[in-house]
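One structure is given here, and the rest of the page talks about it.
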Amino acid sequence: GRYFWAQRGPDPLGKAIAEFAACTRAAPDFAPAHVGLADSQILLAMYGFAAPRAVAGHARAHVTEALALDPESAEALTADGAIRLFFDWEFELAEVAFKRALALNPSYTTARLAYGDLLMMRTEFDRGLSMIRDAVALSPLDLGLNMNLGDFLIFSRRCDEAARHLEHTLEIAPGFVPGRLRLAEALALAGRHDTALAQAEIAFTEFPSLPRVRETRALVFAVAGRCDEARKELATLAEERNERYFSAWEIARVYAVMAEADEAMHWLNEAI
């Protein structure tokens, strides 16, 4: 389950959920299996594969079960903190959970990742980068952690460095589409538009129906100043809105890049 969970894609997350669910059937009192189910639901929301409100209740139920089985579980505390951070915006309570988790298990990389997310949201970029670098050092072949290091570098506006690290991530696993999408974003924001579009096209060839791929293509087009093509991608997403979920925040970001403030605000309100 953790192997598939680390791949961060919609199909691997489905496989992870199936494995974790099999664990709970085989051993209902095994807290890490319930945490795995919660973590998978959290990622479905975080990566734009499912509507956050549709999965938040499932994540909460699994965390409640895990904490009832093992109140001192670093994994369960981390998942609880992630729910408080990403779904409830309760920064202080999330930080308490992450600190407690790391006190119980300093080597738990997901706790370092989640605490790093909180620090990045607070614009404490150096501390956040230190946290994710420690996580990667503990688990250097973890695709999700490596991709998140690239993410954190993008947030810190160190886009050239982000691109180099994400290229390294794809050397580990060339078929890792979420990492390729992040690489396209980093390259675009670093001013390497043609290379960014080439990366986005590779992802689109492999997964043309995945909304996250179209969202990234729209962003890259917008950053490159090709706004008509960006709007075309957004229009395609809008046409499919009744058939599948896509992230309103991602759409808002594209409109913000194109300096279309009213549309950006509209989609941010949709996201909220």
Side-chain angles (χ1 to χ4, degrees), residues 2-10 12-13 16 35-36 38-49 52 74-75 78-79 81-83 85-87 91 94-95 97-98 101-102 105-190 199 203 212 215-216 219 247 249-250 253:
R2 284 296 172 190
Y3 169 80
F4 289 119
W5 181 79
Q7 296 180 34
R8 302 299 202 265
L13 284 172
V35 176
D39 285 347
S40 298
Q41 299 292 340
I42 291 167
L43 284 194
L44 286 173
M46 289 300 300
Y47 285 82
F49 303 138
E75 293 88 349
T78 299
I83 290 170
L85 176 62
F86 296 122
F87 294 147
F91 278 44
E95 185 169 25
F98 298 147
L102 286 170
N105 183 359
S107 296
Y108 186 45
T109 56
T110 305
R112 292 189 175 276
L113 167 60
Y115 196 4
D117 277 319
L118 186 154
L119 293 169
M120 298 307 283
M121 291 181 191
R122 285 179 171 165
T123 69
E124 296 182 43
F125 299 127
D126 289 341
R127 288 185 65 201
L129 280 168
S130 177
M131 196 69 69
I132 190 65
R133 288 190 198 279
D134 286 346
V136 171
L138 286 163
S139 188
L141 297 181
D142 187 302
L143 296 177
L145 292 178
N146 276 284
M147 182 186 65
N148 278 283
L149 174 51
D151 260 347
F152 282 24
L153 289 165
I154 292 172
F155 297 155
S156 305
R157 301 191 181 186
R158 296 162 65 169
C159 294
D160 285 315
E161 187 179 350
R164 288 193 297 272
H165 183 75
L166 289 163
E167 286 167 350
H168 163 73
T169 303
L170 289 176
E171 289 173 0
I172 300 173
F176 184 40
V177 171
R180 193 173 297 281
L181 296 177
R182 294 299 196 282
L183 174 59
E185 294 177 8
L187 290 166
L189 294 167
Q199 293 294 335
R212 187 71 183 80
E215 290 159 2
T216 296
L219 178 69
S247 170
W249 174 79
E250 297 281 0
R253 187 167 61 147

All heavy atoms of S156 vs all of M120, minimum pair found to be OG-CE, 3.3 Å
Separation of D142 CG from Y3 OH (nearest 0.5 Å):
11.5 Å
d(S247 OG, R253 CZ) to nearest 0.5 Å is 8.5 Å
Rounded to the nearest 0.5 Å, what separation is found between the CZ atom of F49 and the CZ atom of R8?
10.5 Å
Mark yes or no for whether N148, through its side chain, and I132, through its backbone, hold a donor-acceptor pair below 3.5 Å.
no
Within this structure, what is the CG-CG distance for the pair L118 and L85, rounded to the nearest 0.5 Å?
5.0 Å
Across all chains, not counting sequence neighbours, the salt bridge (Lys or Arg N to Asp or Glu O under 4.0 Å) partners of R182 are D151
Heavy-atom side-chain proximity of L113 to M131 below 4.5 angstrom
no
Do you know the tightest heavy-atom contact between A79 and I42?
O-CD1, 3.9 Å
Does R112 use its side chain to pair, donor to acceptor, with the backbone of P106 at less than 3.5 Å?
yes
Test side-chain contact (heavy atoms from CB on, under 4.5 Å) applied to L170 - qualifying residues, sequence neighbours left out:
F176, R180, L183, Q199
Contacts of type salt bridge (Lys or Arg N to Asp or Glu O under 4.0 Å), residue R133, not counting sequence neighbours
E161
Scan residues 105-162 for pairs that pass ring pair (Phe, Tyr, Trp, His ring centres under 6.0 Å), counting only residues two or more places apart or in two chains.
none
Just wondering, are more than 12 heavy atoms of other shown residues or ligands nearer than 6.0 Å to CZ in F91?
yes
Might you point out which heavy atoms bring P52 and F87 nearest each other, and give the distance in Å?
CB-CE2, 4.1 Å
Residues forming a salt bridge (Lys or Arg N to Asp or Glu O under 4.0 Å) with D160, sequence neighbours excluded
none
Would you compute the distance between atom CD1 of I172 and atom CG of N146 and round it to the nearest 0.5 angstrom?
4.5 Å
Does R122 form a salt bridge (Lys or Arg N to Asp or Glu O under 4.0 Å) with E95? I'd like the steps, not just the answer.
CA-CA 12 Å; R122 285 179 171 165; E95 185 169 25; 3.0 Å; yes
For the residue pair G150 and A162, what are the closest heavy atoms and their distance?
O-CB, 3.5 Å
Quick one: does any side-chain atom of T78 pair with a main-chain N or O of A74 as donor and acceptor, under 3.5 Å?
yes
For E215, the salt bridge (Lys or Arg N to Asp or Glu O under 4.0 Å) test, sequence neighbours excluded, returns none
side-chain contact (heavy atoms from CB on, under 4.5 Å) for D39 and R2? Distances and angles first, verdict last.
CA-CA 10 Å; D39 285 347; R2 284 296 172 190; 2.8 Å; yes
Would you name the heavy atoms of E167 and L187 that are closest together and state the gap between them?
OE2-CD2, 4.4 Å
Interatomic distance, E171 atom CD to L166 atom CG [nearest 0.5 angstrom]:
11.5 Å
With a 4.5 Å cut-off on side-chain heavy atoms, are P12 and W5 touching?
no
Is any side-chain N of the basic residue among E185 and R212 closer than 4.0 Å to the acidic one's carboxylate O?
yes
Taking all non-hydrogen atoms of both residues, which atom of A111 and which atom of L102 are closest, and how far apart?
CB-CD2, 3.7 Å
If the plane angle is over 60° it's perpendicular, under 30° parallel, otherwise tilted; pick one for H168 and H165.
tilted
